[in-house]
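Down below is the structure, laid out as structure tokens.
Here the structure is a predicted model, which means the values were calculated and not measured.
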Amino acid sequence: MTRISLRGRILLFFVALAAGTVLALAAGLWFGYHREGRPDMLNAFIQSAIAAGFLILALITWVWYLFDTHLARPIDNVASAMRARAHADVAHDIETKDARYLGDLAAAASATATTLAQTRGALAEQVQRETTRLSSDKNKLEKLLADVPPAVLLCTGRHHLVFYNGVAQQFLAGSQRPVCLDRNIFDYLSEGPIRDAHHRLIEGGDPDAVVEFICLSPCGRRRLAGRMRLAGDNGGDHAAYVMTLRDVTTEVEAYARRDALLVDVFQHVRPALSDLRRAAESSEQSGVVGAPVVPQLQALDRLLAELEARFETCRSDGWPMAATDARELAGQLRRALEGQGFTLDIDVVELAVRCNAFDIVNLLSHLISHIHGATSATQYRLVISDAGAAADVAVSWVGSTIQPEALDAWLGEAVFEGGMTCDSILKAHGNVLVVDCTGDLPSISTRLHPVERLRPVAADLSRHVVYDFDLLSRLHYEKISDARLDALTYVVFDTETTGLLPEQGDEIVQIAAVRIVNGKRVKNEIFNLLVNPGRPIPPSSSAIHGVTDAMVADAISVQEAVRQFHRFAEGAVLVAHNAPFDMEFLSRRERELGLRFLNPILDTVLVSATAFGRAETHTLDALAERLGVSIDGDDRHTALGDAIATADVFIKLKDMLAGRGLSRFGDVLASLRSHQRLVRDLNDQARVS
């Protein structure tokens with residue numbers, strides 16, 4: 001009985017009262033009939049019983065209606081209003097005109113809510129005074145850090161983003177996924193170098209140690225030099241770490257141009273000088289004038305030799321090198337070769353080498369492509385072994401050998417844009433490459449330097465920031481149904497369309513979404529796209545949402561918009577107002593795009609019915625007014641404006657559910673399903689497991 005609403009229990013009470021009264025009437029007539037014992041009175045008794053029964057039922061129904069209208073429903077409304085003010089921070093007074101038959105209850109509830117609001121306001125004012133200095137310091141610090149250029153990120157031990165600055169957002173923006181809090185860092189950067197650096201920090205146990213590494217930007221064309229250190233004990237997450245990134249692509253290209261220039265000096269000036277020296281020596285031997293220049297030419301020749309030796313020793317200075325797990329290096333090469341249709345067997349020891357993994361992988365991939373062209377070999381084997389002070393790297397293949405002259409020609413070719421040749425990459429690493437035909441299989445081999453030790457380095461500062469440090473202490477749940485509401489990430493979205501009938505060809509013209517992380521809306525993480533529906537937008541629809549054919553003429557297609565939204569919503573709970581309508585426009589594209597929206601889904605209509613009762617009005621405007629959420633008139637019926645309003649409404653409803661003891665996602669779903677007569681619940685087992 002406690003699971004039945006107040007109005008339902010009152011209805012059952014009156015039903016029981018009506019049934020009891022009718023039974024009592026029937027029993028009395030039966031007793032009177034049998035006591036008199038006259039058969040001719042049966043019809044009179046029956047007619048009297050029927051008439052009296054209907055009158056009694058009508059009277060009880062009328063009394064129940066008055067009781068439900070003036071007592072039960074107002075009590076529910078007052079209770080919901082009090083919860084909204086207790087848990088959702090609603091400030092305006094409780095309406096008492098519909099509760100005039102409750103005596104002093106409504107006035108007392110309104111007075112209690114007013115007192116609560118005043119007390120809360122006084123407490124908030126006191127807290128505000130106490131935190132003014134901290135807020136001022138925070139604003140000054142953010143302004144001071146605005147000019148610090150490195151990209152700075154803070155990640156949990158599970159590699160989820162907790163903090164990022166504006167530079168970091170620019171560096172990671174080339175990924176297909178938007179940069180958002182609580183997303184996995186491996187959605188944006190190569191996984192191997194970061195995992196290896198993190199593992200070395202954990203194993204080292206030195207809280208002041210810093211690991212340097214090299215990783216690639218999302219597009220794979222920019223090199224990022226990174227440094228990582230543990231962030232200390234943050235909310236119990238001992239494995240959390242701070243990572244700074246610096247774009248070194250321009251530096252690498254500058255070094256490549258410098259190398260090309262110096263190589264030209266030694267390749268062209270040296271032969272000419274040698275010819276001149278030989279000519280002078282020949283002239284001296286023959287007694288021709290000009291012999292005195294010979295000593296100077298010899299001195300110049302020795303100077304060039306010395307400069308060349310010094311150039312070779314300092315050639316790798318300034319080139320971005322980082323400790324790289326040999327297994328990760330081998331894995332990157334395997335992936336590169338698989339893209340060309342080759343197979344690569346790997347025999348690699350657990351060893352970290354100091355190199356630029358991006359350059360080494362491109363070098364070996366480039367040479368293997370030439371080997372395939374010369375020998376038609378498709379099966380290769382990579383062996384990285386420990387040579388004490390270095391690591392031996394050898395690539396062998398099944399097929400015929402190659403000539404050293406061919407290898408020399410390949411080494412002179414550029415691997416990628418920027419002027420870098422295979423030979424410049426090798427010399428930057430202080431290495432040479434040789435052909436070995438003595439083993440069972442032909443091979444090419446080189447050596448890489450050993451790994452550097454950890455060393456303390458001061459931490460970098462940051463610029464414009466987006467953060468939520470509470471994520472460091474947030475619990476991780478294996479099953480989403482066990483998770484607390486604030487432990488989940490939500491994507492609240494809305495669509496504007498050409499019409500209301502997706503099954504008849506209506507399409508999306510605008511889609512927008514915002515993110516709620518750790519119970520708060522992240523203002524800087526917004527998804528907002530105009531969409532070309534591929535069909536005219538009816539003027540009647542444009543009059544509502546304001547999107548016209550001219551506005552979407554150059555916009556992206558529906559397919560691309562759905563694909564981008566799928567990436568934005570990855571790993572989050574979807575929230576919408578009247579979700580089945582919006583989800584229909586998305587799910588109809590799943591098969592075409594080869595993706596599925598398996599996100600759990602919450603509908604604010606059902607959440608409102610759980611919080612306020614099914615009899616209330618659950619439109620977005622009614623919810624916003626009831627919960628004190630303001631919607632600008634110009635933003636209403638725009639995808640972004642409605643998404644923001646829905647998010648603010650959902651946060652307040654979520655707090656109300658928590659106040660009623662519905663703090664876990666599974667409990668909320670079970671409660672929502674009792675209101676499916678309003679809106680269909682879209683969650684199945686696959687979404688909540």
Report task. Start with the C-alpha distance between D486 and R474, add both sets of side-chain angles, then the distance that settles side-chain contact (heavy atoms from CB on, under 4.5 Å), and finish with yes or no. Result -> CA-CA 9 Å; D486 281 342; R474 194 171 75 173; over 6 Å; no
Query raised in the report: Do V434 and I444 pass the side-chain contact (heavy atoms from CB on, under 4.5 Å) test, and can you show the C-alpha distance, the side-chain angles, and the key distance before you say yes or no?
Result: CA-CA 6 Å; V434 297; I444 55 176; over 6 Å; no
Requested in this report: Could you go through the side-chain contact (heavy atoms from CB on, under 4.5 Å) check for V558 and R589 one step at a time?
Outcome: CA-CA 9 Å; V558 175; R589 296 290 181 181; 3.7 Å; yes
Query - Full working for salt bridge (charged side-chain N to carboxylate O under 4.0 Å, His left out) between R567 and E570 - result: CA-CA 5 Å; R567 296 179 190 133; E570 187 176 9; over 6 Å; no
**Report entry** Stepwise side-chain contact (heavy atoms from CB on, under 4.5 Å) check, I346 with V383
**Finding:** CA-CA 6 Å; I346 295 175; V383 178; over 6 Å; no
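Between F493 and F527, a ring centre-to-centre spacing not shorter than 6.0 Å is recorded.
To the nearest 0.5 Å, the span separating NE2 on H198 from CD1 on I185 amounts to 12.0 Å. C155 SG to R183 CZ: the interatomic distance, rounded to the nearest 0.5 Å, is 13.5 Å. Separation of atoms CZ (R195) and CZ (F186) is listed at 4.0 Å; rounding is to 0.5 Å. Remark: I384 CD1 to E350 CD distance equals 12.5 Å, nearest 0.5 Å. With values rounded to the nearest 0.5 angstrom, I194 atom CD1 is found 10.0 Å from E328 atom CD. Rounding to the nearest 0.5 Å gives a distance of 5.0 Å between CG of N518 and CG of L471.
Side-chain atoms of W410 and I371, non-hydrogen and from C-beta on, do get closer than 4.5 Å to each other. Looking only at side-chain heavy atoms (C-beta outward), F665 and K479 stay at 4.5 Å or farther from each other. Taking the side chain as every heavy atom from C-beta outward, R229 and Y241 never approach each other to under 4.5 Å. Residues I511 and L586 form a side-chain contact, since some pair of their non-hydrogen atoms from C-beta on lies under 4.5 Å apart. Between L472 and L154, some side-chain heavy-atom pair lies under the 4.5 Å cut-off. Here the side chains of S424 and T421 are in contact, with some heavy-atom distance below 4.5 Å.
Side-chain polar atoms of Q340 and S369 form a donor-acceptor pair below 3.5 angstrom. Side-chain N/O atoms of E191 and H159 include no donor and acceptor closer than 3.5 Å. Side chains of D182 and T489: a donor-acceptor N/O pair is present below 3.5 angstrom, by distance only.
Closest non-hydrogen pair, A639 versus Q510, comes out as N-OE1, 3.4 Å. Closest of all the heavy-atom pairs between D582 and A576 is OD2-CB, 4.1 Å.
D325 places no side-chain N or O within 3.5 Å of a backbone atom of G192 that could act as its donor or acceptor partner. The backbone N or O of D345 lies less than 3.5 Å from no partner atom in the side chain of R381, so there is not a single donor-acceptor pair. Of the possible polar contacts, one joining the Y188 side chain to the P178 backbone as a donor-acceptor pair under 3.5 Å is found. Of the possible polar contacts, one joining the R515 side chain to the L181 backbone as a donor-acceptor pair under 3.5 Å is found. Put simply, the side chain of N165 gets close to the backbone of V152: a donor and an acceptor are under 3.5 Å apart. In this structure a side-chain-to-backbone donor-acceptor pair under 3.5 Å is missing from S365 to V361. Under the 3.5 Å distance criterion, the side-chain polar atoms of D237 are left unmatched by any main-chain donor or acceptor of T156.
Exactly one of V492, I516, I651, D494 qualifies for a side chain to side chain contact (heavy atoms under 4.5 Å, CB included) with V575. That residue is V492. Here the rule is side chain to side chain contact (heavy atoms under 4.5 Å, CB included) with I425, and of L364, N356, D359 only D359 fits it.
By the neighbour-count criterion of 12 heavy atoms within 6.0 Å, atom CG of D554 is sparsely surrounded, having that number or fewer from other residues, nucleotides or ligands.
Comment: D482 does not engage R664 in a salt bridge, judged by the lack of any side-chain N to carboxylate O separation of less than 4.0 angstrom. Taking the charged nitrogens against the carboxylate oxygens, R563 and E560 do have a contact shorter than 4.0 Å, which makes a salt bridge.
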